[in-house]
Amino acid sequence: MTDAAATPPTDFVRDRVRADQQSGKVKHVVTRFPPEPNGYLHVGHAKAICTSFGIAAEFGGKCNLRMDDTNPEAEDQEYVDAIQEDVRWLGFQWDGLYYAADYFDQLYRWAEQLVQQGDAYVDEQDAETMAKNRGTVTSSGTASPFRNRSPADNLLLLRRMKNGEFQDGTMVLRAKIDLAHNNLNLRDPVMYRIRHLPHQRAGASWCIYPMYDWAHGQSDSIEGITHSLCTLEFEHHRPLYDWFCDKLAIYKPQQIEFARLNVEYLLTSKRKLLQLVEGGHVDGWDDPRMPTLRGMRRRGFPPEALVAFCKHVGLAKFNSTHEYALLDHYVRDYLNKTSLRRMAVLDPLKLVIENWPSGQVEMCEATNNPEDASAGTRLVPFTGELWIEREDFQENPPKDFFRLSPGREVRLRSGFFVTCTGIDKAADGTITAVRCTYDPATRGGNAPDGRKVKATIHWVSTAHALDAEVHVLDHLFTVPDPQGHEGKDFLDFLSPKSRVVRRGKLEPSLKDAAAGQRFQFERLAYFVCDAKTSTKGAPVFLRTTTLKDSYQKTQKKAGG
RNA sequence: UACCCCAUAGUGUAACGGUAGCACAACAGAUUCUGAUUCUGUUUGUCAAGGUUCAAAUCCUUGUGGGGUAACCA
């Protein structure tokens with residue numbers, strides 16, 4: 001990961017930025033991240049953020065955060081705040097914080113300019129008629145009967161629109177371009193619509209609001225953006241972006257489009273995420289199974305891993321979908337180096353050590369993080385009755401199973417070697433306890449005679465175990481591409497196993513886990529102490545991602 | 001059906017007319033007090049057909065396949 005950070009990425013966008021800088025066309029690179037504050041940020045935004053902020057940083061430039069708040073119907077201050085919080089969490093700091101709404105005055109003056117130039121007109125057709133008259137992709141549109149009004153009439157009407165003399169939807173201001181253009185965006189696009197609605201930032205001063213196309217390029221221009229980076233679906237809007245700047249004769253930034261991020265199992269459609277929340281399929285926007293930045297944060301995803309992932313994913317114009325394994329790789333890579341190791345038993349089976357001195361408690365020293373010596377060690381209480389993982393014992397093991405089984409010796413991590421001497425069973429045949437003896441000479445985990453064991457398993461003293469809620473989280477969907485199936489809704493693929501809540505037996509030190517602290521429960525997975533539901537002394541742990549498990553993999557392949 | 005964009009191992013992504021490379025995944029082995037990590041090695045690729053050129057993943061043409069576009073959303 002460090003090498004990825006040290007090696008500047010290469011892609012067609014950076015190539016152009018570099019070329020512009022070298023040719024002298026651009027002196028100081030300025031980019032921007034322009035979210036609409038009508039929802040929470042998700043992984044897809046993470047790529048956009050890493051791209052615009054990353055490029056600005058690499059080229060010694062600046063990057064603004066701009067709220068693209070031109071539609072008061074959907075926007076809210078809550079999102080404005082959440083967006084800033086999420087961008088900061090990812091590790092980025094904007095140079096300027098701007099709002100499209102702050103440009104409304106300038107935008108309006110420019111609109112009057114276009115009207116006076118004869119480049120815009122007020123149209124009184126209703127929305128339905130206008131849509132019909134726009135034509136289709138294969139047929140050209142027909143002109144509005146209001147298209148050839150005089151600039152003077154249009155100007156008067158526009159002022160009256162602005163002054164609130166007309167009802168919502170009765171008229172719009174349109175650019176006068178070409179009703180026969182192949183690019184539908186240029187068939188006299190709407191610039192202003194009437195909405196008698198207060199704006200979360202501009203207050204009650206406006207009743208006409210600019211459309212995206214009429215606001216975005218000019219906002220970029222005002223801020224002196226040199227490279228306006230956006231996703232592929234805005235490609236068709238670039239000619240309009242350019243047209244407005246040209247007609248206004250103002251500075252024209254360069255818009256460059258790249259493919260949006262797609263990752264298996266993760267949805268990035270605001271509409272579908274909203275459906276998940278409103279349908280109660282998840283607990284909210286910050287549900288740890290959600291691909292929102294808040295959800296991922298709560299799940300324990302390190303922002304560094306997300307950034308490394310985005311960096312690796314790169315920029316291209318090809319519509320691709322990344323394997324979840326790649327994201328997982330960066331998450332594990334970071335967590336492996338940084339998270340404290342702890343022992344926790346999720347599916348407990350009792351282990352009784354028959355030759356253990358009754359009542360004795362040994363404090364065993366355990367390494368906190370083998371990848372980081374500065375993390376130090378801790379003491380874990382060892383007694384004659386322990387919890388071990390049910391799947392770490394098999395009465396009749398297959399040849400490739402080398403954990404505990406009758407007659408076999410294994411190491412209890414950081415503790416002692418134990419040898420299985422027998423098992424207790426309930427009437428129905430289920431194993432209720434495993435009996436064994438321990439070798440006192442193996443304290444600390446090594447045999448003085450040099451003998452080896454094939455396996456090391458984790459354990460927790462029954463007398464000291466912390467009983468805690470553990471959420472075993474998995475993909476929200478049963479298939480990697482829940483949205484591409486004919487005749488099926490993505491909700492049909494909701495996984496019933498995406499969250500399994502269980503009571504775990506955890507080593508006592510976990511009682512003091514801090515909210516948001518990340519751990520590796522050894523031999524199992526990475527977990528985070530849930531910042532939302534944990535209370536003092538009663539932590540709740542969420543599974544971020546599993547540890548790789550090559551044994552389980554071979555088992556599955558063998559049809560197990 | 002019109003226009004725009006795109007096409008390189010399983011998945012992504014480099015190579016900018018001159019040896020097709022990297023990451024993840026997969027597989028095999030070594031190491032290991034986590035069947036983790038780490039290390040070593042292996043497999044697999046230029047959508048198709050023509051053309052230009054000494055030389056094409058790269059340039060041109062055509063075809064095929066994929067994506068996008070017809071909100072008073074962004």
Side-chain angles (χ1 to χ4, degrees), chain A residues 4 9-12 15 34-36 38-39 68-71 73-75 123 125-128 130-132 134-141 168-174 181-185 187 189-195 208-209 211-213 215-216 230 232-239 257 259 264 270 312-330 332-333 336-337 341 343 366-367 370-371 400-403 410-415 417 442 444-446 452-458 520-525 546-554:
Chain A
T10 303
D11 52 68
F12 79 103
D15 286 348
E36 184 190 12
N38 71 342
D68 213 352
D69 53 356
T70 56
N71 181 7
E73 278 177 292
E75 296 154 9
D123 193 354
Q125 296 180 108
D126 58 57
E128 199 184 330
M130 205 191 301
K132 205 165 67 202
R134 188 162 21 239
T136 68
V137 287
T138 51
S139 64
S140 65
D168 285 9
T170 52
M171 50 185 73
V172 293
L173 182 71
R174 298 179 77 177
H181 203 105
N182 281 327
N183 183 341
L184 290 277
N185 287 128
R187 316 246 267 223
V190 172
M191 294 162 62
Y192 277 110
R193 74 280 213 184
I194 304 174
R195 283 297 110 93
I208 58 171
Y209 289 99
M211 299 291 291
Y212 166 83
D213 288 301
H216 204 90
C230 60
L232 250 29
E233 64 268 30
F234 292 100
E235 217 161 9
H236 311 254
H237 292 252
R238 183 167 14 104
E257 312 85 12
E264 289 177 348
K270 273 185 187 173
H312 177 93
V313 151
L315 254 30
K317 301 197 76 162
F318 177 65
N319 265 295
S320 57
T321 301
H322 285 84
E323 289 177 334
Y324 190 87
L326 187 65
L327 210 208
D328 232 4
H329 166 76
Y330 283 104
R332 288 192 186 116
D333 187 46
N336 175 51
K337 290 171 186 146
R341 312 297 136 120
M343 290 196 282
T367 305
E371 305 289 323
D400 62 349
F401 180 88
F402 43 83
R403 275 108 98 155
V410 299
R411 172 167 40 233
L412 293 174
R413 173 125 229 206
S414 308
F417 282 14
T442 58
N446 283 301
K452 302 284 186 200
V453 286
K454 285 277 275 186
T456 299
I457 65 176
H458 58 277
Q520 182 196 104
F521 289 180
E522 286 191 288
R523 305 207 313 123
L524 294 175
T546 59
L547 241 31
K548 279 198 204 169
D549 188 345
S550 60
Y551 178 67
Q552 192 186 65
K553 201 159 69 179
T554 57

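Just so it is clear: chains get the letters A, B, ... in the order the sequence lines come, proteins before strands, and each one is counted from 1.
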Visitor: Of the nucleotides rA36(B), rC27(B), rG68(B), which has the atom closest to the His236(A) side chain?
Guide: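 Comparing rA36(B), rC27(B), rG68(B) against the side chain of His236(A), the answer is rG68(B).
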Visitor: Using the C1' atoms only, state how far rA14(B) lies from rU58(B), rounded to an integer number of Å.
Guide: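 Going atom to atom, C1' in each nucleotide, I get 13 Å.
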Visitor: State which of rU34(B), rU8(B), rC73(B) makes the closest approach to the side chain of Arg193(A).
Guide: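 For the Arg193(A) side chain, the nearest candidate turns out to be rC73(B).
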Visitor: Return the nearest nucleotide to the side chain of Glu235(A); candidates are rA74(B), rC5(B), rC24(B).
Guide: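 Between rA74(B), rC5(B), rC24(B), the one nearest the side chain of Glu235(A) would be rC5(B).
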Visitor: Does Arg332(A) place a side-chain N or O at less than 4.0 Å from the phosphate oxygens OP1/OP2 of rA25(B)?
Guide: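 For rA25(B), OP1/OP2 do not have a side-chain N/O of Arg332(A) under 4.0 Å.
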Visitor: Counting only Watson-Crick or G-U wobble pairs whose two distances fall under 3.5 Å, which nucleotide matches rA55(B)?
Guide: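 Base partner found: none.
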Visitor: Is a donor on one side and an acceptor on the other found under 3.5 Å between the side chain of Arg411(A) and the backbone of Phe417(A)?
Guide: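 No; zero donor-acceptor contacts below 3.5 Å.
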Visitor: Is the phosphate of rC73(B) approached by Lys270(A) (side-chain N or O, under 4.0 Å from OP1 or OP2)?
Guide: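 The answer is no; no side-chain N or O of Lys270(A) sits under 4.0 Å from OP1 or OP2.
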Visitor: Would you tell me if any nitrogen or oxygen in the side chain of Arg523(A) comes within less than 4.0 Å of OP1 or OP2 on rG35(B)?
Guide: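 Answer yes for this pair, as a side-chain N or O of Arg523(A) is under 4.0 Å from OP1 or OP2.
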Visitor: What integer distance in Å separates Arg341(A):CZ from rU32(B):P?
Guide: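 About 18 Å, once rounded to whole Å.
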Visitor: In whole Å, measure the gap between the P atoms of rU42(B) and rC24(B) for me.
Guide: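 Those two atoms are separated by 16 Å.
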Visitor: Does the side chain of Lys548(A) get closer than 4.0 angstrom to OP1 or OP2 of rA25(B) through an N or O atom?
Guide: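 It does, given that an N or O in the side chain of Lys548(A) lies less than 4.0 Å from OP1 or OP2 of rA25(B).
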Visitor: Could you please name the option among rC73(B), rC24(B), rA36(B) that lies closest to any side-chain atom of His329(A)?
Guide: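 Looking only at heavy atoms from C-beta outward on His329(A), the closest nucleotide is rC24(B).
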Visitor: Are Ser320(A) and rU11(B) close enough that a side-chain N or O sits under 4.0 Å from OP1 or OP2?
Guide: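 So the side-chain polar atoms of Ser320(A) never come under 4.0 Å of the phosphate oxygens OP1 or OP2 of rU11(B).
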Visitor: May I ask you to say what Leu412(A) touches in the nucleic acid, namely base, sugar-phosphate or nothing, with a heavy-atom cut-off under 4.0 Å?
Guide: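 Contact class for Leu412(A): none.
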Visitor: Are any of Lys317(A)'s side-chain N or O atoms less than 4.0 Å away from OP1 or OP2 of rG68(B)?
Guide: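 Answer is no, no contact under 4.0 Å.
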Visitor: State which of rG35(B), rA15(B), rA7(B) makes the closest approach to the side chain of Ser550(A).
Guide: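 Nearest to the side chain of Ser550(A) among the choices is rG35(B).
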Visitor: Using the C1' atoms only, state how far rG35(B) lies from rA30(B), rounded to an integer number of Å.
Guide: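 Looking at atom C1' only, rA30(B) and rG35(B) are 15 Å apart.
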Visitor: Quickly work out the Asp213(A) CG to rA71(B) C1' distance and round it to whole Å.
Guide: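 Rounding to the nearest Å, CG of Asp213(A) and C1' of rA71(B) are 11 Å apart.
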Visitor: On a whole-Å scale, what distance lies between the C1' atoms belonging to rU43(B) and rU53(B)?
Guide: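 Looking at atom C1' only, rU43(B) and rU53(B) are 34 Å apart.
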Visitor: In terms of side-chain heavy atoms of Phe402(A), which of rC73(B), rU34(B), rG35(B) is nearest?
Guide: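 From the listed options, rG35(B) comes nearest.
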Visitor: For the residue pair His237(A) and Asp213(A), confirm or rule out a side-chain donor-acceptor distance under 3.5 Å.
Guide: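 Yes, side-chain donor-acceptor contact under 3.5 Å.
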Visitor: Rounded to whole Å, how long is the line connecting atom OH of Tyr330(A) with atom P of rG12(B)?
Guide: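 In whole Å, rG12(B) P lies 15 Å from Tyr330(A) OH.
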Visitor: From the set rA74(B), rA14(B), rG35(B), return the single nucleotide nearest to any side-chain atom of Phe234(A).
Guide: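 Closest nucleotide to the Phe234(A) side chain: rA74(B).
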Visitor: Identify which nucleotide among rU8(B), rA23(B), rA14(B) has an atom closest to any side-chain atom of Leu326(A), counting heavy atoms from C-beta outward.
Guide: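 Of rU8(B), rA23(B), rA14(B), rA23(B) is nearest to the side chain of Leu326(A).
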Visitor: Roughly how far apart, to the nearest Å, are rA15(B) and rA56(B) at atom C1'?
Guide: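 After rounding to an integer number of Å, I get 13 Å for this pair.
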Visitor: Do NZ/NE/NH1/NH2 and the carboxylate oxygens of Asp549(A) and Lys553(A) come within less than 4.0 Å?
Guide: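 Looking at Lys553(A) together with Asp549(A), the answer is no, because their closest N to O distance does not fall below 4.0 Å.
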Visitor: Ignoring the backbone of Thr138(A), work out which of rU1(B), rG35(B), rA74(B) is nearest its side chain.
Guide: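 Among the listed nucleotides, the one closest to the side chain of Thr138(A) is rU1(B).
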Visitor: Which nucleotide in the list rA2(B), rC24(B), rC73(B) gets nearest to the side chain of Arg195(A)?
Guide: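 Among the listed nucleotides, the one closest to the side chain of Arg195(A) is rC73(B).
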Visitor: When the P atoms of rA48(B) and rU8(B) are compared, how many Å lie between them, rounded to an integer?
Guide: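 rU8(B) and rA48(B) have their P atoms separated by 11 Å.
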Visitor: Please state how far atom CZ in Arg411(A) lies from atom P in rU32(B), giving the value in whole angstrom units.
Guide: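 Rounded to whole Å, this separation is 11 Å.
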Visitor: Kindly say if Thr321(A) contacts the phosphate of rU11(B), meaning a side-chain N or O under 4.0 Å from OP1 or OP2.
Guide: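 So the side-chain polar atoms of Thr321(A) never come under 4.0 Å of the phosphate oxygens OP1 or OP2 of rU11(B).
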Visitor: Stacking here means centres under 5.5 Å and planes under 30°; does Tyr212(A) stack on rA74(B)?
Guide: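 Answer is no, no stack.
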